[in-house]
Amino acid sequence: MVEIPKGYGPDDELDPEAADPLYLQLAAVLIARIDDGVYPLGRAVPGVDRLMQEFGIARGTARKTLVLLAEMGYVRTVVGKGSFVIERDSDND
């Protein structure tokens with residue numbers, strides 16, 4: 001499993017010069033937002049276009065981040081609808 005970098009908060013910006021890839025930095029920021037209730041259970045996280053706009057990243061980076069969050073059990077993606085925060089299994093911790 002991929003290791004999410006520590007130390008990112010919900011309001012942090014991404015740093016292209018950092019050692020961590022942008023998709024992992026973004027995943028850390030979105031996880032912090034989920035944990036802080038910015039994106040509560042059942043609510044959608046920003047989609048690819050919104051993430052591109054907010055963070056100034058490429059489409060592939062935004063997609064990779066959302067796929068990773070789904071694989072980690074933070075969101076469930078519904079085609080044509082978006083990615084929604086779900087309750088995490090204790091197995092995903």
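- Between the Arg76 side chain and the Phe84 main chain, no donor and acceptor come within less than 3.5 Å of each other.
- Shortest non-hydrogen contact noted between Ala32 and Pro10 is CB-N, 3.6 Å.
- Residue Arg88 comes nearest to Gly73 through the heavy atom pair CG-O, 3.2 Å, listed as atom of the first residue, atom of the second, then distance.
- Looking at Thr65, Leu68, Val45 one by one, the single match for side chain to side chain contact (heavy atoms under 4.5 Å, CB included) with Leu30 turns out to be Thr65.
- A pairwise comparison of heavy atoms in Thr77 and Ser83 identifies OG1-OG, 2.8 Å as the closest pair.
- With respect to Ile34, the side chain to side chain contact (heavy atoms under 4.5 Å, CB included) criterion is satisfied by exactly one of Val29, Ile86, Leu41, Val85: Val85.
- The shortest side-chain heavy-atom distance between Lys64 and Thr61 does not fall under the 4.5 Å cut-off.
- To the nearest 0.5 Å, atoms CG (Leu26) and CD1 (Ile31) are separated by 9.5 Å.
- Closest non-hydrogen pair, Tyr39 versus Ala44, comes out as CD2-O, 4.2 Å.
- In the hydrophobic clustering of this structure, Val67 does not group with Val75; members are Ile, Leu, Val, Met, Phe, Trp, Tyr whose side-chain heavy atoms approach within less than 4.5 Å, directly or through other members.
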So Met72 and Ile4, side chain to side chain contact (heavy atoms under 4.5 Å, CB included) or not? Walk me through it.
CA-CA 10 Å; Met72 294 180 70; Ile4 300 298; 3.6 Å; yes

Test side chain to side chain contact (heavy atoms under 4.5 Å, CB included) applied to Tyr8 and Asp20, step by step
CA-CA 11 Å; Tyr8 288 90; Asp20 298 313; 3.7 Å; yes

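- Taking the side chain as every heavy atom from C-beta outward, Asp35 and Tyr74 approach each other to under 4.5 Å.
- Closest approach of Glu54 and Arg33 over heavy atoms only: OE2-NH2, 2.8 Å.
- Leu51 approaches Ala62 most closely through the heavy-atom pair CB-CB, 4.0 Å.
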